[in-house]
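This report refers to the structure that appears directly beneath it.
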Amino acid sequence: MSSSEHAGFGTRAVHAGQAPDPCTGAIMTPVYMTSTFAQPSPGEFIGEYDYSRAANPTRTALEANLASLENGRHGLCFASGCAALAAVLHLCKQGGRVVLSDDVYGGTFRLFDKVYRHFGLQFEQADLTDPAAAERAITPDTDLVWLETPTNPLLKIADIQAISAVAKSNNALLAVDNTFATPYLQNPLDLGADIVSHSSTKYLGGHSDLIGGALVVNDDEVLQRLKFIQLSVGATPGPMDCFLLLRSTKTLHLRLDRHCDNAEKIVGFLENRSGIRSVVYPHHAAHPHHDIAQRQMRRGGGIITMTLDGGIDSARRFLERLRVFTIAESLGGVESLVDHPAIMTHASVPPEQRAAIGIEDGLVRLSVGVEEAGDLIADLDHALG
Ligand code: PLP
């Protein structure tokens, strides 16, 4: 099934980019565990295949599958979400300027701040959920806008369509990190983004068993530039990881509906529970950007952020008392995980900056899995004491 066919999401999740193997009829795309490909005559390739850093058939199937899920024309896969982000940064001109959300994944901030700044790229962080702040930050000398929505970990929601209009009027590319929402809940290309980025380590992989990244674009020229960077820098995923991802995306819609069902029930429990100062969830009526979240996200997702009364001590006690939720970095797997951003995922963001944007010491991020909602709620209730 070609990625251009517009079947429903679930049908594309199962079939896009894949067809039974022409030699054997194998239903699953084989794992092409090969570094190189025989050439019938020097310089003559079978299909596009000469060397697996450039292209590998298992990766080709995955790239087509992800492009289809994001309603895009072209997919490109990388060895990690950070490698995908780094490839996008290579699109900037020397000394170029990037505007990024003020609340981004800590590793994203680190890559900008500690690696690419040394090469002369300039970065400005802005609250891109505030249209006036976005207008001020995005100027004609901006090469790229890097937008996370929902943000990690505060779940702030930016209006992709509005930011896209500002980026376009300044001739800047807009890249949206769609890791938290996934293509099942949100399609940034349809809202004007030029590039969609994923840490496929998270919901796309869904089983906490691989590290991966992906980009999806529509524009042929942007594709060619990114493909060249992918080939030249070489952070490509191996065929086994591509196979595992293809296996996972087939159930993305099923998993996401369960993640969302469970998260909604947990939000209902938490908002009435003592010991909690605030609960943040994109589709919750109390969310400050609830209207935008309703408009651009089909459901609220599987991540809940909450702030406990009592700061770091009560947060640590809560995490240690959990039995079904596991204390771990990462998110988006079938198992429920809990993260303390200030100590764990966002430790690389300076404390004063964390405080300024609201990552408090009592803040906890829940990645709600697909277990029984009742068991998850009982676990939270017990841990809250
Ligand atoms: N983007 C977001 C929103 C993330 O949460 C992460 C990792 O946690 C990344 C990007 C980086 O992805 P990876 O860990 O696959 O390199």
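One-based numbering, in listed order, for ligands and for the atoms of each.
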With rounding to the nearest 0.5 Å, note down the distance linking CG in Leu244 to OG in Ser200. 11.0 Å
Are more than 12 heavy atoms, taken from residues, nucleotides or ligands other than Arg316, located less than 6.0 Å from that residue's CZ atom? no
Listing request: all side-chain hydrogen bond (donor to acceptor under 3.5 Å, both in side chains) pairs with a residue in residues 317-327, at least two apart in sequence or in separate chains.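 Pairs touching residues 317-327 that pass the test: none.
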Would you tabulate the polar-atom pairs, meaning N/O of ligand 1 against N/O of the protein, with distances under 3.5 Å, reported to 0.1 Å?
from     : atom 1 : to     : atom 2 : distance (Å)
ligand 1 : 1 (N)  : Asp177 : OD2    : 2.7
ligand 1 : 5 (O)  : Asn152 : ND2    : 3.1
ligand 1 : 8 (O)  : Lys202 : NZ     : 2.8
ligand 1 : 12 (O) : Ser199 : OG     : 3.0
ligand 1 : 15 (O) : Gly81  : N      : 2.9
ligand 1 : 15 (O) : Ser199 : OG     : 2.8
ligand 1 : 15 (O) : Thr201 : OG1    : 2.6
ligand 1 : 16 (O) : Gly81  : N      : 3.1
ligand 1 : 16 (O) : Cys82  : N      : 2.9

Can you get from Val324 to Ile303 by hopping between Ile, Leu, Val, Met, Phe, Trp and Tyr side chains that sit under 4.5 Å apart?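 No, Val324 and Ile303 fall in different hydrophobic clusters.
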Spell out, yes or no, whether Leu226 and Val176 are grouped together once hydrophobic residues are joined by side-chain heavy atoms under 4.5 Å, including indirect joins.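 No: no chain of side-chain contacts under 4.5 Å links Leu226 to Val176.
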Once you measure the plane-to-plane angle for His346 and Tyr105, does it fall in the parallel (<30°), tilted (30-60°) or perpendicular (>60°) bin? perpendicular
